[in-house]
Amino acid sequence: MDLEELMRRLFELYPEGYTDGSRDPFFVLISTVMSHRTRDNVTYPAAKRLFERFSTPEEMVEADVEEIEALIKEVGFYRVKAGRIKEISGILLKEYNGRVPDEMDTLLKLPGVGRKTANCVLAHAFLKDALAVDTHVHRISNRLGLVETKVPEKTEIELKKIFPQKYWKHINLLLVKLGQNICRPISPRCEVCVLNDMCPKIIL
DNA sequence: AAAACGGGGGC
DNA sequence: GCCCCAGTTTT
């Protein structure tokens with residue numbers, strides 16, 4: 001598999017690069033937590049609406065949790081997430097001087113932040129060489145025959161072995177976009193996929 | 001390893 | 001109406 005060619009085609013397809021929105025670490029963190037098990041076209045408008053009203057940990061801890069719930073009501077698990085947003089904001093203020101940590105081990109201590117979310121923050125907010133594996137990255141990597149495991153953390157390790165490090169931070173968003181539009185979980189649109197000639201699972 | 005959390009969008 | 005979704009936490 002020519003991974004340089006694979007990345008070249010994805011960058012050509014999605015030239016805006018690795019992030020659509022703000023690189024403010026707090027926005028990246030909160031919007032990523034909001035995105036859990038929720039489609040991007042639902043999550044993103046809700047995150048923008050939330051941040052028009054409250055945009056800092058200080059404002060978030062002062063906010064009425066019911067108002068946060070109302071602002072993000074379309075996303076799944078909105079009650080749990082609203083609580084976590086307040087909880088995370090409080091911890092950031094109390095433990096980290098109001099800043100979002102830029103280390104994996106520290107990010108993982110925040111409630112609702114697992115390896116995927118932490119990697120997204122590291123890659124998209126701090127431009128570090130992190131590789132976030134979500135269901136899209138996992139599914140597409142398997143279809144392309146790049147990995148075989150069903151364990152996301154192993155997928156992360158295997159992808160880091162085969163992709164040049166300079167690409168790691170871009171892989172998540174590029175494959176998420178491909179996964180939403182083309183390489184969908186069900187009925188993938190292989191006939192319009194720029195990778196179809198290098199994919200063992202092509203369906204025409 | 002598997003279940004629970006959950007409202008909204010696509011079909 | 002039914003099925004699935006940018007995961008994480010708990011059992």
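A, B, ... follow the sequence lines: proteins, then strands. Residue 1 opens every chain.
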Quiz item: Which dot-bracket string fits DNA chain B when only Watson-Crick or G-U wobble pairs with both atom distances under 3.5 Å count, crossing pairs get [ ], and | stands for a partner on a different strand?
Solution: |||||.|||||
Quiz item: When all nucleic acid strands are considered with a 4.0 Å heavy-atom cut-off, which category describes Val42(A): base, sugar-phosphate, or nothing?
Solution: sugar-phosphate
Quiz item: Which other residues end up in the same hydrophobic cluster as Ile157(A), if Ile, Leu, Val, Met, Phe, Trp and Tyr are linked when side-chain heavy atoms come under 4.5 Å apart?
Solution: none
Self-check item: NZ/NE/NH1/NH2 to OD/OE distance under 4.0 Å, Glu62(A) and Lys86(A)
Solution: no
Exercise. Specify the closest pair of heavy atoms between Trp168(A) and Leu159(A), including all atoms of both residues, with the distance to one decimal.
Key: NE1-O, 4.4 Å
Practice problem: Round to the nearest Å and state the distance from Phe77(A) atom CZ to dT10(C) atom C1'. | Solution: 13 Å
Quiz item: Nearest to the side chain of Arg37(A) - dT9(C), dA6(C), dG7(C)?
Solution: dG7(C)
Practice problem: List in chain and number order the residues that pass side-chain contact (heavy atoms from CB on, under 4.5 Å) with Ala47(A), two or more places apart in sequence or in another chain; answer none if no residue qualifies. | Solution: Phe27(A), Ser31(A), Met34(A)
Practice problem: Please measure how far the P atom in dC4(C) lies from the corresponding atom in dA3(B), and state the result in whole Å. | Solution: 15 Å
Self-check item: Pairs flagged by ring pair (Phe, Tyr, Trp, His ring centres under 6.0 Å) wherever residues 71-103 of chain A is involved - sequence neighbours left out
Solution: none
Exercise. Using chain A heavy atoms and a threshold of under 4.0 Å, write down where along DNA chain B the contacts begin and end, 5' to 3'.
Key: dC5(B) to dG9(B)
Self-check item: Interface with DNA chain C, restricted to residues 65-72 of chain A and to heavy atoms under 4.0 Å
Solution: none
Exercise. Report yes if some heavy atom in the side chain of Leu178(A) is under 4.5 Å from a heavy atom in the side chain of His136(A); otherwise report no.
Key: no
Quiz item: Val42(A), Val28(A): one ILVMFWY side-chain cluster at the under-4.5 Å cut-off?
Solution: yes
